[in-house]
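Reminder, nothing fancy here: chain letters follow the sequence lines and each chain counts from 1. Quantities reported herein were computed from a predicted structural model and do not represent experimental measurements.
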There are 2 protein chains.
Amino acid sequence: MALKTSWVASANDPDSDFPLNNLPYGVFSCGGGRRRCGVAIGDSILDVSGMGPAGVFDAGNWNAFMALGPAAWADFRAEVTAILAEGAAERGLVRQADAQLHMPFAVAEYTDFYAGRHHAENMGEMLRGAKSLPANWLHIPIGYNGRASSVVVSGTPVRRPLGQLGQGRFGPTEKLDIELELGAVVGTGSAMGQPVSVAKADEMIFGFVLLNDWSARDIQAWEYQPLGPFQGKAFATSISPWIVPKAALEGFRRPAPAAPLPYLREVRGGLYDIELSVYLGDEQISRTNATELHYSAAQQLAHHSLSGCPMRTGDLLGSGTISGPTAGTFGSLMELSWNGEKPLKLANGERTFIEDGDTLTLKGHAQGEGFRIGFGTCEGTILSAINTPDWAR
Amino acid sequence: MALKTSWVASANDPDSDFPLNNLPYGVFSCGGGRRRCGVAIGDSILDVSGMGPAGVFDAGNWNAFMALGPAAWADFRAEVTAILAEGAAERGLVRQADAQLHMPFAVAEYTDFYAGRHHAENMGEMLRGAKSLPANWLHIPIGYNGRASSVVVSGTPVRRPLGQLGQGRFGPTEKLDIELELGAVVGTGSAMGQPVSVAKADEMIFGFVLLNDWSARDIQAWEYQPLGPFQGKAFATSISPWIVPKAALEGFRRPAPAAPLPYLREVRGGLYDIELSVYLGDEQISRTNATELHYSAAQQLAHHSLSGCPMRTGDLLGSGTISGPTAGTFGSLMELSWNGEKPLKLANGERTFIEDGDTLTLKGHAQGEGFRIGFGTCEGTILSAINTPDWAR
């Protein structure tokens, strides 16, 4: 793999997230105008709202295009590549600096998995006293249904949630946290009662985003038995604004660990070599790689359909928190500060959990030879909790 | 409360589910034609697709009407009541026997709660060895996000799911079960970051349906730690086809038990005196009442919003399995057969869990003086599992 050069000079910078090799899908507006579908190239955006089959971009998101399936995705990608390749006729572009970015797709349902082995072991040690995996973990891609209505695009402020922090304890969370994840965007659906194979599931995936599954650890710890996380996760999930096409990541595939049951067997590597990092303000606090995951998105999607549960265009699958084996590679503050026991030393103070006004940013890219397939950033700034309403006093 | 009489004679039968006092909302079609919104009256349906604000019923479901809010709901109900009251001019109706019923609304997201105290105690005893509630249960309306894509209307066949039944065990569930629940349909939404009070939540609720949260107990038992139920519930949830208006149930309100924290305090009774029963084939196997619930739908909705999670038109909230205190009043086969240890004696054999070809039916009504507010039926017949696909062998 080498850089594919573009007539957009900024796309040829080896540090650009958006070379011609990438061409991720987003939604933008300018000056409060209507939302339009666009493809990122260097520091600019190609407005594609007039391209594709008639009406496919009319809704101002990528869902209708996603539903067209892999052949249409490939044709469109070839067309956009030709338009932006070095030597093609130059045309007008929108500068990213002049555009506001929006949710690239309407989330049908959001499911969050738990495929980070180091994360699962760390959580087990902190919450259940033993650095061991749950009995089912190596056999089944553990996941739970999350809340789609609170998935927001990078840059959206996040309000510190109120909740029950323990028995009789009501108030703003005191343990606000991030979870560093990849999100897989489901392009085509499946029929009710019809499980899909890992190979088929891989074909159904449209692309990937960075995903921050904001978590309130005190709310979560009190509520999660026996039916799992609920309000401790429901207040916000942030995603990066550009859906990186699966096609752009082909050269970065890596095999997932072998799964014990045949229905989870991979035919192509479904993990990706994507370098990931977390920033608090301007300071990097963690760095890891998506190959730390134990199950691929395709395996998770296959498992999701196993019971016959129909999957739909716009479903979003969180990978689970991605943590490496050592302290500087953990994907949550819960782990980085070891549940608050070992505060992080920062240039301007210490942190256990997130404070009001903090900005947390996820970054990620796959590193090619002289180019990168970048995800842009996934960031959010924390607003203080609302005053407790009269009816809650 | 007494019967309000209608010019539709069948609506005045004291055993009719659909007197003038009820007027529930459904969606029907005739002879494969387009889906139209209708209101049930006796054995017939009033086609309302030309009523209401322009275009509000164009989508062939009640969502746009639901979003209009309580004042519009009350106006419309008064208008339909006047049209169908004794003495009004008779007009053409559709016979229910000639109509096919469809999903009355598009489910935005589905959340399932766990508010049946006897059910929670029974499950604790069977799964965790002690007839005790989880530590948080009396303090917090425990719930989890379910899967909206597999919510189907009564009458839809249900395919026995495949799954992991335990470590290394793959196949069709051997413990297929029902859960007898009420479903609350959210009419108007709430803003992100803005919790709502129980009083406000009550206003947001449009109406109620019967709900069967089909469950695969072996899949559930193996998968649910630590993140809750997933594929053991995701294959199907059935609802009755008519949304009973909250207004029709006003006279049947009952208070929920006192909640320890102020934000869950009720101002009006949010439980309802609704008689419920379960049939296997033609045989009644359980009978209970919705007043067995510990938390009201309004309390659950308020809790759902507490973190700032935005609620939306079309959200569906399952009450949790409704069980009474004794064996003949339990809302699941897991409880009725005590996890298979005490088979149910039926006229034509025994049952522990559900067998292929079985039809399970939920029924419910609030009993007035000389009339009932009925829910119709919520039924499903079990199809055998698909053959294991080659890729899963």
Checking heavy atoms, do the side chain of A:Val152, its backbone, both or neither come under 4.5 Å from chain B?
side chain
Side-chain touch A:Asp213/A:Thr321, heavy atoms, less than 4.5 angstrom
no
Side chain, backbone, both or neither: which part of A:Pro195 has an atom under 4.5 Å from a heavy atom of chain B?
both
Side chain B:Asp315, main chain B:Glu109, donor-acceptor under 3.5 Å:
yes
So which part of B:Met311 gets closer than 4.5 Å to some heavy atom of chain A, the side chain, the backbone, both or neither?
both
With distance as the sole test, does B:Asn136 use its side chain to make a donor-acceptor pair with the main-chain N or O of A:Gln225 at under 3.5 Å?
yes
Can you say whether A:Leu264 sits under 4.5 Å from chain B via the side chain, the backbone, both, or neither, judging by heavy atoms?
side chain
Under 4.5 Å heavy-atom distance to chain A, tell me which part of B:Leu162 shows up: side chain, backbone, both or neither.
both
Is there a ring-ring contact (aromatic ring centres under 6.0 Å, His included) between B:Tyr144 and A:Tyr144 once you walk through the steps?
CA-CA 9 Å; B:Tyr144 67 100; A:Tyr144 67 99; over 10 Å; no
With a 4.5 angstrom heavy-atom cut-off, is it the side chain or the backbone of A:Ile140 that approaches chain B, or both, or neither?
both
Assert top hit (heavy-atom pairs under 4.5 Å, partner chain B, pool A:Val198, A:Val196, A:Thr173, A:Leu383) equals A:Val196
Counting only non-hydrogen atoms closer than 4.5 Å, does A:Ala236 touch chain B with its backbone (N, CA, C, O), its side chain (CB onward), both, or neither?
both
Heavy-atom contacts under 4.5 Å, residues 385-393 of chain A to chain B
A:Ile386, A:Trp391, A:Ala392, A:Arg393
Under a 4.0 Å threshold between the charged nitrogen and the carboxylate oxygen, would B:Arg268 count as salt-bridged to B:Glu203?
no
Top contributor to chain A contacts, counting heavy-atom pairs under 4.5 Å, from B:Gly189, B:Ala148, B:Gly163
B:Ala148
Verify whether one side chain among B:Asn122 and B:Lys131 offers a donor that lies under 3.5 Å from an acceptor in the other.
yes
Output yes when a side-chain donor or acceptor of B:Glu181 lies under 3.5 Å from a complementary backbone atom of B:Gly320, and no otherwise.
yes
Note: vs chain A, highest number of non-hydrogen pairs under 4.5 angstrom among B:Tyr114, B:Phe235, B:Trp137 is B:Phe235
Contact winner vs chain B - A:Ala135, A:Pro262, A:Pro172, A:Ser149, heavy-atom pairs under 4.5 Å
A:Ser149
Could you tell me which of A:Pro229, A:Pro161, A:Cys309 has the largest number of non-hydrogen atom pairs under 4.5 Å with chain B?
A:Cys309
Looking only at heavy atoms and a cut-off of under 4.5 Å, which of B:Ala234, B:Gly143, B:Ser305 has the most pairs with chain A?
B:Gly143
Between B:Val158 and B:Thr156, is there a side-chain heavy-atom distance shorter than 4.5 Å?
no
Do A:Tyr263 and A:His303 have side-chain N/O donor and acceptor atoms under 3.5 Å apart?
yes
Can you find a heavy atom in the side chain of B:Met123 that is under 4.5 Å from one in the side chain of B:His119?
yes
Most contact-rich option vs chain A, by heavy-atom pairs under 4.5 angstrom, among B:His139, B:Met192, B:Arg159, B:Arg147, is B:Arg147
Is it the backbone or the side chain of B:Val151 that comes under 4.5 Å from a heavy atom of chain A, or both, or neither?
neither
Using atom types as modelled and distance alone, determine if a side-chain donor or acceptor of A:Thr313 lies under 3.5 Å from a backbone N or O of A:Asn63.
no
Distance col, row B:Asn145:CG vs A:Lys233:NZ, nearest 0.5 angstrom, shows 12.0 Å
Considering only heavy atoms, give the residues of residues 214-224 of chain B separated from chain A by less than 4.5 Å, sorted numerically, with 'none' for an empty result.
B:Trp222, B:Glu223, B:Tyr224
Please tell me if the side chains of A:Arg169 and A:Gln164 come closer than 4.5 Å, counting only heavy atoms from C-beta onward.
no
Checking A:Asn212 side chain against A:Glu179 main chain: does a donor-acceptor pair fall under 3.5 Å?
yes
Would you say the side chain of A:Arg117 lies within less than 4.5 Å of the side chain of A:Glu121, judging by non-hydrogen atoms?
yes
Using the ring of each side chain (for Trp, its six-membered ring), is B:Phe113 parallel, tilted or perpendicular to B:His304, with breaks at 30° and 60°?
perpendicular
Does some side-chain heavy atom of B:Arg160 sit less than 4.5 Å from a side-chain heavy atom of B:Ser384?
no
Under 4.5 Å from any heavy atom of chain A, what part of B:Pro226 do you find: side chain, backbone, both or neither?
both
Do the side chains of A:Ile239 and A:Leu316 get nearer than 4.5 Å, heavy atoms only?
yes
Under a 4.5 Å heavy-atom cutoff, which of B:Arg312, B:Gln231, B:Gln194 has the most pairs with chain A?
B:Gln231
Max heavy-atom pair count under 4.5 Å with chain A, selected residue of B:Ser197, B:Pro260, B:Ala108:
B:Ser197
